[in-house]
Amino acid sequence: MALAMGWHKPDNVAGSSAPAIMVGLFVATGGLLFGYDTGTINGILAMNSFKEHFNSGFRDDSGAYAMSPKEVSLIVAMLSAGTVIGALMSAPVGDLYGRRRSLIGAVGVFCIGAIFQVCATNVAMLVVGRTVAGMGVGTISVLVPLYQSEMAPKWVRGTLVCAYQLSITMGLLIASVVNILCFNIDGAAAYRIPMGLQLSWACVLALGLLVLPETPRYLIKRGYKEAAALSLSRLRRLDITHPALVEELAEIEANHEYEMALGPDTYKDIIFGEPHLGRRTLTGCGLQMLQQLTGVNFIMYYGTTFFNGAGVIDPFKISLIMQIINTVSTVPGLLVVESWGRRRLLIVGAIGMAICQLLIASYATANGDDDMTTQNQILIIFVAIYIFFFAASWGPVVWVVTSEIYPLKVRAKSMSVSTAANWLLNFGIAYGTPYMVGTKGTAGSIDLGSRVFFVWGAFCIVAIAFVWCMVFETSKISLEQIDEMYERVDYAWNSRRFEPSWSFQQMRDFGFSDSGIPPTEPQLELQPPRTSSASTSQSDTGASATTATTTTTSQDDKVLAQLGHVDLSY
């Protein structure tokens, strides 16, 4: 049932959605770059050959070569520092050069950073490479969900954006496998092979992007109406003159004009603009920060070294199992994100994560250093359940919500700011974690150990309240209708009952819509549904086009009159 609801095209949707789905799935693989890079460094930091070649003289309690917490923090966290810069750059670049060309450029920047990492012979050069690669990853993390949401039909939009998170998890899984295969190789090849392999998919992605279309919404934003029609024609597999395509394009254009009439598209307007742009920006930033504060990247970045420090036998194998769970568990989220809705999935996921983390921390605190075997079993079991809840909810759905809730005029800017908030917290967690969980003998460490899950569990409880109060339900409505929802619905918990009725073509042409205040001038009143001599054609979106009454009806009007059962809004 869930599969059918997630992927079956509604019968009243004109055209084919196959091209848009294939394009969306291919672009989603941009997540592989981030996932693979994150998973690779997780294992590389535990490799003996890496410790020996990059060590600056630091040794652990047993006298063996090791990386100091400062070096580990710097190596891991500088990728996230680069992603903050990349995310902030993505808006001006994406608005100036387009979503597609900017993605190609971002992949190129990532490749430069990857080459630096492969060639690195010291920590400084490795850090430079990870920072540059992070700039590419940060730009990609904004533009991929943005590209997907702007070209996807509404009935499958959430599923396609979820596929971006699935690609991240697949990248993490592939990295774990590669790390295990390379772990015992002698010399620098042990860590250079995993680093070099990330270039392979980057090249495939860049080549594929060369032939993909630009998003129709971006082209409308830039005033290229004919190019937008051609792009939409490719994505919907409809003739450029098809009434459904003409109607969808006209609604996108009218919505953008309506948005611009409310104010400009500056960075100031993402806070003070209408309709309720400040609330929407706060929602996006809050979700992205809370996604990081659930503690997932504590496991992704430091899982291997944490399990090793906790005395878990074969931490590489445990990390591989966690990545398999992470990848497989993303699939349920893809299947129910449309039928359950964004709000319910986020709340259920946060409840599940909070329970798992608080149980881990409580048991570890109560037992201390007693019965470490049982304690490690509980740690592994509940971390696995926690990853299931995260991968099925907060992992993919946060990207879905932040790609949907912003109006076209500031979508790139708002997404870049909210995504930068994600990476800023990512940087803080990546840099601070070694000091939070390191042993007491390590300078600056507070030695929380498994008690660190109290911190993550507390933020999961905060996340439940935040979603209930701030996140509007955006499933099953078009991007243009989300503007109407923020205009008409006062509280987020009432958004599930929202039924769209505005037509932005009516708002532009007549200054009112079906759900608004009727006009006072008789000549502006909407005409009743078409009869044999009527002059108005009405689609089920509420949009109408009024012409002078004539004794004969044009051929185009006859076609539109026959499309009463076809959904013209995607």
Side-chain angles (χ1 to χ4, degrees), residues 38-39 42-43 45-46 60-61 69 169 172-173 176 179-180 290-330 332-333 347-395 429-430 432-442 445-464:
T38 300
N42 182 2
L45 289 172
D60 60 19
D61 295 337
T169 62
L172 288 162
L173 175 60
S176 292
N179 283 338
I180 289 176
L290 286 168
Q291 185 197 56
Q292 294 302 306
L293 291 169
T294 60
V296 65
N297 277 327
F298 164 68
I299 301 298
M300 300 309 166
Y301 283 134
Y302 298 109
T304 304
T305 52
F306 178 74
F307 290 135
N308 192 25
V312 174
I313 299 174
D314 202 348
F316 273 89
K317 187 178 293 184
I318 297 299
S319 287
L320 175 61
I321 293 171
M322 295 301 173
Q323 299 305 345
I324 293 173
I325 294 171
N326 190 26
T327 303
V328 173
S329 301
T330 307
I347 290 173
V348 170
I351 292 172
M353 290 189 294
I355 292 172
C356 291
Q357 291 168 327
L358 294 177
L359 283 173
I360 292 171
S362 299
Y363 189 86
T365 303
N367 269 32
D369 294 331
D370 299 333
D371 196 6
M372 290 302 296
T373 301
T374 303
Q375 190 167 312
N376 287 336
Q377 289 174 347
I378 289 175
L379 171 67
I380 293 169
I381 290 169
F382 281 101
V383 165
I385 298 172
Y386 155 76
I387 288 176
F388 165 79
F389 278 108
F390 177 85
S393 59
W394 279 77
I429 291 168
T433 295
Y435 297 101
M436 295 170 68
V437 299
T439 60
K440 289 181 181 177
T442 304
S445 173
I446 57 177
D447 189 25
L448 286 177
S450 294
R451 294 190 300 276
V452 73
F453 287 100
F454 274 130
V455 178
W456 312 136
F459 279 112
C460 286
I461 294 173
V462 173
I464 297 169

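Note that the structure is predicted; figures quoted are calculated from it, not measured. Just the heavy atoms: all of them, side chains too, but no hydrogens, waters or symmetry mates, feed the values below.
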[X]: which residues meet the side chain to side chain contact (heavy atoms under 4.5 Å, CB included) condition with it, sequence neighbours left out?
X      : value
Ser176 : Leu320, Gln323
Ile355 : Ile351, Leu359
Ser362 : Phe454

Can you name the closest pair of heavy atoms from [X] and [Y] and give their distance?
X      : Y      : answer
Ala350 : Ile464 : CB-CG1, 3.5 Å
Asn326 : Leu172 : ND2-CD1, 3.5 Å
Tyr386 : Thr294 : OH-O, 2.9 Å
Phe453 : Leu379 : CE1-CD1, 3.8 Å
Ala354 : Gly457 : CB-O, 4.0 Å

Side chain to side chain contact (heavy atoms under 4.5 Å, CB included) partner of Ile325, chosen from Thr327, Ile321, Val328: Ile321
Nearest 0.5 angstrom please: [X] [atom1] to [Y] [atom2], how far?
X      : Y      : atom1 : atom2 : result
Ile360 : Ile385 : CD1   : CD1   : 8.5 Å
Gln357 : Phe390 : CD    : CZ    : 10.5 Å
Phe389 : Met353 : CZ    : CE    : 9.5 Å
Trp456 : Leu358 : CH2   : CG    : 13.0 Å

Is a side-chain N or O of Gln291 found less than 3.5 angstrom from the main chain of Trp394, in a donor-acceptor match? yes
Does the side chain of Ile380 come within less than 4.5 Å of Met322's, by heavy atoms? yes
